Asks: 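Below is a structure I'd like to ask you about.
Model, not experiment: these values are computed from the prediction.
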Amino acid sequence: MADDCLFCGIISGVVPSVRVSEDAETYAFMDINPGSDGHLLVVPKRHSTDLLEIPPDDLSAVALAAQRIAKAAVAELGADGVNLLNCCGAQAWQTEFHFHLHVIPRYTDKSRDGLRLPWTPGVRGDTRTIAALGNRLCAALDVKEM
């Protein structure tokens with residue numbers, strides 16, 4: 001637990017939350033700034049700043065909890081789909097620096113869903129740039145896996 005972390009305070013019960021689910025590794029609670037009806041967060045109980053820092057076991061536990069909760073959102077809330085969102089770093093919109101995965105139920109009925117994409121899917125990028133960046137990442141991953 002980090003002393004100055006809002007989410008650590010929520011996990012410990014010092015900061016109130018609407019708990020949705022809890023197990024030995026994870027805690028899930030409703031987002032107080034929801035993008036849609038039923039929007040919630042799943043966090044590891046052990047503090048990690050972001051996606052780059054979280055241990056693999058905690059990441060797996062959070063992903064599995066998010067999947068279980070997403071299924072419940074579809075079955076119980078009538079969601080037509082679900083987005084999972086993680087923001088890693090301030091430039092990627094991370095505002096709380098305790099790893100968290102947003103589970104955002106999505107609805108055809110827009111009165112229940114205010115979330116909008118920040119980019120336009122289907123607009124092709126530059127083929128050469130995509131290939132060059134892909135090749136750089138591939139090479140970096142091959143080097144690190146040896």
Asks: Which distance, rounded to the nearest 0.5 Å, do you find between the CZ of F97 and the OG of S48?
Replies: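 Atom-to-atom, F97:CZ and S48:OG are 14.0 Å apart.
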Asks: Is it true that, when you exclude R112 itself, more than 12 heavy atoms of the residues, nucleotides or ligands shown sit nearer than 6.0 Å to its CZ?
Replies: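 Yes.
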Asks: Would you say T26 and S21 make side-chain contact, with heavy atoms under 4.5 Å?
Replies: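 Result no, sub-4.5 Å side-chain heavy-atom pair not found.
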Asks: Looking at S36 and P105, would you say the former's side chain and the latter's main chain have a donor-acceptor pair under 3.5 Å?
Replies: yes
Asks: For the pair D31 (side chain) and H39 (backbone), establish whether a donor and an acceptor sit closer than 3.5 Å, ignoring hydrogens and angles.
Replies: no
Asks: Once you round to the nearest 0.5 Å, how far does CG of D4 lie from CG of L6?
Replies: 10.5 Å
Asks: So if you build clusters from Ile, Leu, Val, Met, Phe, Trp, Tyr with side-chain heavy-atom gaps below 4.5 Å, do V74 and V42 land together?
Replies: yes
Asks: Check whether M30 and V15 end up in the same hydrophobic cluster, where Ile, Leu, Val, Met, Phe, Trp and Tyr are linked by side-chain heavy atoms less than 4.5 Å apart.
Replies: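 Per the 4.5 Å side-chain linkage, M30 and V15 are not co-clustered.
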Asks: Would you confirm whether D50, through its side chain, and G89, through its main-chain N or O, come within 3.5 Å as a donor-acceptor pair?
Replies: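 Checked: no pair found.
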Asks: Taking H98's backbone N and O only, do any of them form a donor-acceptor pair with H100's side chain (distance below 3.5 Å, no angle check)?
Replies: yes
Asks: Is there a path of hydrophobic side-chain contacts, each under 4.5 Å between heavy atoms, that joins I104 and V82?
Replies: no
Asks: Enter the distance from L51:CG to C87:SG here, rounded to the nearest 0.5 Å.
Replies: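 Between L51 CG and C87 SG, I get 10.5 Å after rounding to 0.5 Å.
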Asks: May I ask you to decide if T49's main-chain N or O and Q94's side chain share a donor-acceptor pair within less than 3.5 Å?
Replies: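 Side chain of Q94 to backbone of T49, a donor-acceptor pair under 3.5 Å: yes, one is there.
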Asks: If you count the non-hydrogen atoms of other residues, nucleotides and ligands that lie under 6.0 Å from CZ in R128, is the total more than 12?
Replies: no
Asks: For A24 and K45, which heavy atoms make the closest approach, and how far apart are they?
Replies: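 Heavy atoms of A24 and K45 come nearest at O-CD, 3.5 Å.
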Asks: Tell me, yes or no, whether the heavy-atom count around I32 atom CD1, taken from other residues, nucleotides or ligands under 6.0 Å, exceeds 12.
Replies: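 No - once you tally the heavy atoms of other residues, nucleotides and ligands closer than 6.0 Å, there are 12 at most.
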Asks: Count the heavy atoms of every other residue, nucleotide or ligand shown that sit under 6.0 Å from CD of E53, and state whether that count exceeds 12.
Replies: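 For E53, atom CD is crowded (more than 12 foreign heavy atoms under 6.0 Å).
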Asks: Is there side-chain contact between F7 and Y27, with at least one heavy-atom pair below 4.5 Å?
Replies: no
Asks: If I take atom CG from residue L101 and atom CG from residue N83, how far apart are they, to the nearest 0.5 angstrom?
Replies: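 Result: 10.5 Å between the selected atoms.
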Asks: I'd like to know if L64 and F99 are part of one continuous hydrophobic network [Ile/Leu/Val/Met/Phe/Trp/Tyr, side-chain heavy atoms within less than 4.5 Å].
Replies: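 In one cluster: no.
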Asks: Between V103 and L84, is a side-chain contact (heavy atoms from CB on, under 4.5 Å) present by the stated rule, with each step listed?
Replies: CA-CA 5 Å; V103 179; L84 297 181; 3.8 Å; yes
Asks: At what distance, to the nearest 0.5 angstrom, does OG of S17 lie from CD1 of I11?
Replies: 9.0 Å
Asks: Would I54 end up clustered with F29 when hydrophobic side chains under 4.5 Å apart are linked, directly or stepwise?
Replies: no
Asks: Quick one: pull up CG in L141 and CZ in R136 and give me the separation to the nearest 0.5 Å.
Replies: 12.5 Å
Asks: Checking side chain to side chain donor-acceptor pair (under 3.5 Å) for the pair D57/S60: CA distance, chi angles, key distance, verdict?
Replies: CA-CA 5 Å; D57 290 346; S60 294; 5.5 Å; no
